[in-house]
**Q** 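Below is one structure. I have some questions about it.
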Number of protein chains: 2
Amino acid sequence: MGDERTWTITQLADEYGITLRTIRFYEEQGLLTPARNGAHRVFHEGDRVRLALVLRGKRLGFGLDEIKKIIGMYDAEPGEAGQLRYLLDQIAVRRAELEQRRRDIDATLAELDEVERRCRTDLDALRTDMSDPA
Amino acid sequence: MGDERTWTITQLADEYGITLRTIRFYEEQGLLTPARNGAHRVFHEGDRVRLALVLRGKRLGFGLDEIKKIIGMYDAEPGEAGQLRYLLDQIAVRRAELEQRRRDIDATLAELDEVERRCRTDLDALRTDMSDPA
DNA sequence: CCTGACGTTTACGTTAACGTAAGTACGGCT
DNA sequence: AGCCGTACTTACGTTAACGTAAACGTCAGG
C-alpha cells in the first residue's frame with residue numbers, strides 16, 4: 001500500500017541526469033524535503049515526483065522560487081476561503097504566463113519553418129547549379 | 001520604400017518595458033547593432049524587430065547566447081551547402097527543444113486545471129457548510 | 001548662462017543556480 | 001587493519017544578466 005520504494009541521492013541524480021549538488025541545493029531551498037536515515041537522505045516516491053516537477057519548471061524557464069510557489073499550489077491544504085481565492089488567483093496568473101509562452105513558442109516554430117523553407121530552397125538552387133552549370 | 005522611421009534608446013525601452021542598461025547590454029553582447037549619430041544610438045525597424053525577438057527568446061527561457069544563435073539563423077546568408085545543412089541541423093535541434101517545452105507547458109496547464117477544480121470543489125464545500133450548518 | 005532632459009562611457013555591485021574543493025564519517029570487502 | 005565507495009557538511013568560486021553609481025557631453029528653454 002504505502003509505496004515502500006525509496007531512492008538514494010545518486011540514484012535520483014542518475015535518473016534525471018543532474019548532480020548531487022543540485023539535489024542538495026534544491027533541498028536547501030526548500031524544494032525537496034527528503035527523509036533521513038542518520039545523516040543520509042532517503043527519497044520516497046513523493047520526493048521523486050517533486051523533483052520531476054522542479055525540473056519541468058526549469059525547462060519552462062521558471063526560477064526556483066517561482067517553481068516553489070507553483071509546486072506549493074499542488075499540495076496546498078484545502079484551508080479557508082481566503083486562501084482558496086488567493087490560490088485561484090495565482091493559478092490564473094501562472095496560466096496566463098504559460099499561455100503567453102505557448103504563443104511565443106508557436107510564433108518561433110512558425111519562423112523556424114520559414115527559415116527552413118528558405119534553406120531548402122537555397123539547397124535546391126545549389127543542386128540545380130551543379131547539375132546544370134550553364 | 002526604405003523604412004525611414006527611427007527610434008531612440010528610451011523610446012524602445014519604454015515600448016518594451018525594459019531599461020536603457022538592458023538595451024546597451026544587448027548591444028554589448030552583439031544582439032543589437034544600432035546605427036550612430038555621433039555618440040547617440042539610432043534604432044531602425046530592423047533593430048526593433050531583433051529586440052522583440054530577443055525578448056521573446058527571454059520569455060522562452062533561453063540564454064542570451066542561445067538567442068543570439070537562433071536570431072542569427074533568421075538572417076543567415078544563403079552560403080554554401082555545408083552551412084545550409086548545419087543550419088537545418090540547428091533548426092531541428094531548436095524545434096525539438098521548443099516542442100519539448102510545449103509538452104511541458106501542456107502538462108503543467110493540465111495540472112493547474114486539476115488544482116483549480118479541487119480548489120473550486122473545496123470552496124463549494126465551504127459554502128455548503130455555511131448555508132447548512134447542521 | 002545655467003539648468004534639466006536625454007544621452008554617453010566606464011566600472012564595480014548583485015542575484016541565481018549551481019560548481020568545486022576540503023575535510024569528515026561510515027559500511028563493506030579483502 | 002586498510003582501503004574503497006558512498007555520503008555528508010561547510011564554504012568559497014563562477015557565470016549570466018543586468019543594476020547602479022560616477023562623471024561627462026549636448027542641446028533647448030527660461
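Keep in mind the model is a prediction, meaning the values are calculated, not measured. Chain A is the first sequence line, chain B the second, and so forth, proteins listed ahead of strands; every chain is numbered from 1.
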**Q** Indicate whether the side chain of A:R56 and that of B:T108 have a donor and an acceptor atom separated by less than 3.5 Å.
**A** yes

**Q** Test the B:R101-B:F62 pair against the cation-pi criterion, namely NZ or CZ under 6.0 angstrom from the six-membered ring centroid and within 45° of the ring axis.
**A** yes

**Q** Look only at the side chain of A:Q11 and the backbone of A:T8, and say whether a donor-acceptor pair between them is shorter than 3.5 Å.
**A** yes

**Q** Please tabulate, one pair per line, each protein N/O and nucleotide N/O from nucleotides 21-24 of chain D that are separated by under 3.5 Å, including the distance.
**A**
none

**Q** For the helix from C:dC1-D:dG30 to C:dT30-D:dA1, what angle lies between the axis at the first five pairs and the axis at the last five pairs, to 10 degrees?
**A** 20°

**Q** Please report, rounded to the nearest Å, how far the P atom of C:dA17 is from the CD atom of A:Q29.
**A** 8 Å

**Q** Does A:T19 have a side-chain nitrogen or oxygen under 4.0 Å from the phosphate oxygens OP1 or OP2 of C:dG19?
**A** yes

**Q** Nearest whole angstrom, please: distance from the C1' of D:dA17 to the CG of B:L32.
**A** 14 Å

**Q** Which nucleotide in the list D:dG19, C:dT8, D:dC8 gets nearest to the side chain of A:I9?
**A** D:dC8

**Q** For the pair A:K68 (side chain) and A:Q29 (backbone), establish whether a donor and an acceptor sit closer than 3.5 Å, ignoring hydrogens and angles.
**A** yes

**Q** To the side chain of A:A39, which of C:dG7, D:dC8, D:dC18 is closest?
**A** D:dC8

**Q** Measure from the side chain of A:K58, starting at C-beta and using heavy atoms only, and say which of C:dA17, D:dC8, D:dT6 lies closest.
**A** C:dA17

**Q** OP1 or OP2 of D:dC18 sitting under 4.0 Å from any side-chain N/O of B:Y26?
**A** yes

**Q** Which listed nucleotide (D:dC18, D:dC8, C:dA17) is nearest to the side chain of B:F25?
**A** D:dC18

**Q** Please answer whether the main-chain N or O of A:H44 pairs with a side-chain N or O of A:R5 as donor and acceptor at a distance below 3.5 Å.
**A** no

**Q** With a 4.0 Å limit, can you tell me whether A:R41 has a side-chain N or O closer than that to the phosphate oxygens OP1/OP2 of D:dC8?
**A** yes

**Q** Nearest whole angstrom, please: distance from the P of C:dA16 to the CG of A:L64.
**A** 10 Å

**Q** Counting only N and O atoms by type, is there a donor-acceptor contact under 3.5 Å from the side chain of B:R24 to the main-chain atoms of B:I9?
**A** no

**Q** Would the distance check show the side chain of A:R50 and the main-chain N or O of A:L31 forming a donor-acceptor pair, the cut-off being under 3.5 Å?
**A** yes

**Q** From the set C:dT9, D:dA7, D:dG19, return the single nucleotide nearest to any side-chain atom of A:R24.
**A** D:dA7

**Q** Has A:T22 got a side-chain N or O lying under 4.0 Å from the OP1 or OP2 atom of C:dG19?
**A** yes

**Q** Whole angstroms only, please: what is the CG-P distance between B:N37 and C:dG7?
**A** 12 Å

**Q** Check the phosphate of C:dT20 against A:R21, side-chain N and O only, distance under 4.0 Å to OP1 or OP2. Yes or no?
**A** no

**Q** Donor-acceptor check, side chain of A:R59 to backbone of A:V54, threshold 3.5 angstrom: yes or no?
**A** no

**Q** Take B:V42 and A:H40, find for each the nucleotide of DNA chain C with the closest heavy atom, and name the residue whose nucleotide sits nearer the 5' end.
**A** B:V42

**Q** Judged by atom type as modelled, is there a donor-acceptor pair below 3.5 Å linking the side chain of B:T121 to the main-chain atoms of B:R117?
**A** yes

**Q** Send over the distance from A:R59 CZ to C:dA17 P, rounded to a whole Å.
**A** 16 Å

**Q** Assess whether a salt bridge exists between A:E28 and A:R41, defined as any Lys/Arg side-chain N lying under 4.0 Å from an Asp/Glu carboxylate O.
**A** no

**Q** Using whole Å, what does the distance between atom C1' of nucleotide D:dT9 and atom CD1 of A:I23 come to?
**A** 16 Å

**Q** May I ask you to evaluate whether A:T8 reaches the phosphate of D:dT6, defined as a side-chain N or O under 4.0 Å from OP1 or OP2?
**A** no

**Q** Please state how far atom CD in A:E28 lies from atom C1' in D:dT9, giving the value in whole angstrom units.
**A** 10 Å

**Q** Measure from CG on A:L20 to P on C:dA22 and round the result to the nearest Å.
**A** 18 Å

